[in-house]
Amino acid sequence: MIYSICFLVAFFSCSIGTICGMGGGIIIKPVLDATGVMSVATITFLSGCTVICMTCWTVGKTLMKRESVIDLKNTTILAISAAIGGVIGKELFTKVASLFPDPNTAGGVQACLLFAATLATFFYTVNKDRITPRKTENAVIIILLGLILGILGSFLGIGGGPFNVAALYYFFDMPAKKAAQNSLYVILFSQLTSTLRTVFTNGIPDFSLWSLLGMIVLGIAGSEIGRRINYKIHDRTATRFLEGAMILIMCINLYNIAKFFFL
């Protein structure tokens, strides 16, 4: 039963995450937290591994098929900065988790921050047509932005999120589908360093190998479906997917906040 839940969540999360450019972790993490099938640390690790594989597959496939619209110059600077931020964010989460008698309580802190970040991003996305975007070329600003995105994604255990897409909308004036591809590229770097930090510091939690392999396979399958859908739909439709996903994420996080702090 636990395997079935994990596999289905990985499949649908990575499908939606690839269409929107959020990655799958932002849905996998809060949904599995809500089910309580594993510890917060185990969910974070399995989610991270799944996201690395699905983003690697999606980014690699779009490059090989020459469907890529990744801005290799600016987005690579952003991605490398996010990778450094990913290590910092992982260290911050470890310290926050150590403050609570029950480490799982840190999941409530993650849920609060994820709800707030998603809510702010939702309001921006709904109103972005009224906000004049920028064409950022300043390397210092790009590096700082990457660090912030990496720290946030890693601390929350999701790799990336709608705030990645919103940052690409605003700071680089990217349409929805282009922002989705570039966001996955950034998520690949930030999640990879965050997960490697866990591996090299012997912070790997207990987990079933079958659950990891199943989530990776289903995550890749879901990302392939999401990639094909993203290629065919219009930018406005991609934006609607993103808005709907953010509403779902906020609802799940409200439940998780109540679960970790009040139930």
Side-chain angles (χ1 to χ4, degrees), residues 1-35 37-65 67-68 70 79 82-83 86 90 110 114 153-154 156-162 164-165 180-196 198-199 204-205 207-231 238 241-242 244-246 248-249 252:
M1 182 63 179
I2 292 176
Y3 289 169
S4 299
I5 293 172
C6 292
F7 296 165
L8 287 172
V9 169
F11 178 79
F12 287 108
S13 299
C14 290
S15 298
I16 297 170
T18 302
I19 294 170
C20 305
M22 300 187 302
I26 192 168
I27 302 176
I28 295 174
K29 176 72 171 60
V31 170
L32 291 184
D33 278 346
T35 63
V37 294
M38 300 173 185
S39 70
V40 169
T42 300
I43 291 169
T44 299
F45 182 75
L46 294 180
S47 173
C49 292
T50 304
V51 169
I52 289 170
C53 293
M54 66 82 74
T55 51
C56 188
W57 173 271
T58 303
V59 171
K61 199 73 178 288
T62 55
L63 288 170
M64 287 190 296
K65 292 178 73 67
E67 298 172 356
S68 175
I70 295 172
K90 195 69 177 179
Q110 288 176 315
L114 184 53
S154 179
L156 297 175
I158 59 174
N164 277 29
V165 181
Q181 277 197 32
N182 282 266
S183 174
L184 292 176
Y185 183 65
V186 174
I187 290 169
L188 173 59
F189 278 70
S190 62
Q191 189 62 65
L192 182 61
T193 55
S194 174
T195 303
L196 286 176
T198 300
V199 172
I204 301 176
F207 66 92
S208 164
L209 181 61
W210 289 113
S211 62
L212 174 62
L213 293 176
M215 287 179 69
I216 288 174
V217 171
L218 270 295
I220 289 174
S223 71
E224 177 62 16
I225 291 174
R227 184 188 66 82
R228 296 186 181 192
I229 293 173
N230 177 270
Y231 182 70
F241 266 105
L242 178 63
M246 284 192 282
L248 173 63
I249 291 162
I252 295 169

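Hydrogens, waters and symmetry mates are skipped; everything else that's a heavy atom, side chains included, is used.
- Rounded to the nearest 0.5 angstrom, K61 NZ and C56 SG are separated by 12.5 Å.
- The structure places CD1 of I229 at 4.0 Å from CD1 of I19, a figure rounded to the nearest 0.5 Å.
- The OG1 atom of T195 sits 6.5 Å away from the NZ atom of K90 when rounded to the nearest 0.5 Å.
- You'll find the ring centres of Y185 and F189 inside the 6.0 Å limit.
- Separating the CG atom in N164 from the SG atom in C20 is a distance of 12.5 Å, to the nearest 0.5 Å.
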Identify every side-chain donor-acceptor pair in residues 24-32 under 3.5 Å, counting partners at least two apart or on other chains, and give the distances.
unit_1 : atom_1 : unit_2 : atom_2 : d
K29    : NZ     : D33    : OD2    : 2.5
K29    : NZ     : Q110   : OE1    : 2.7

Side-chain donor-acceptor pairs of residues 40-49 under 3.5 Å, sequence neighbours excluded:
unit_1 : atom_1 : unit_2 : atom_2 : d
T42    : OG1    : S39    : OG     : 2.9
T42    : OG1    : D206   : O      : 3.0
T44    : OG1    : V40    : O      : 2.9

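- The heavy-atom pair separating T193 from G86 by the smallest distance is OG1-CA, 4.2 Å.
- Minimum heavy-atom separation, W57 to E224: NE1-OE1, 2.8 Å.
- To the nearest 0.5 angstrom, S211 atom OG is 9.5 Å from I216 atom CD1.
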Task: Criterion side chain to side chain contact (heavy atoms under 4.5 Å, CB included) on M38 and C6, from CA distance to verdict - done: CA-CA 10 Å; M38 300 173 185; C6 292; 3.3 Å; yes

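- M54 and T18 make their closest contact through CE-OG1, 3.1 Å (heavy atoms, listed as atom of the first residue, atom of the second, distance).
- Scanning both residues, S68 and Q181, for their nearest heavy atoms gives CA-OE1, 3.2 Å.
- Within a 6.0 Å radius of CZ in F12, no more than 12 heavy atoms belonging to other residues, nucleotides or ligands are found.
- Here T35 pairs with nothing under the side chain to side chain donor-acceptor pair (under 3.5 Å) rule; sequence neighbours left out.
- Heavy atoms only, all atoms of each residue included: A10 and T50 are closest at CB-CG2, 4.4 Å.
- Distance check: M64 CE to T62 OG1 gives 8.5 Å after rounding to the nearest 0.5 Å.
- With hydrogens and angles ignored, the 3.5 Å screen pairs no side-chain donor or acceptor of S194 with any backbone N or O of S190.
- Counting heavy atoms from C-beta on, the side chains of N230 and F241 never come closer than 4.5 Å.
- Nearest heavy-atom pair across G17 and L184 is O-CD2, 4.2 Å.
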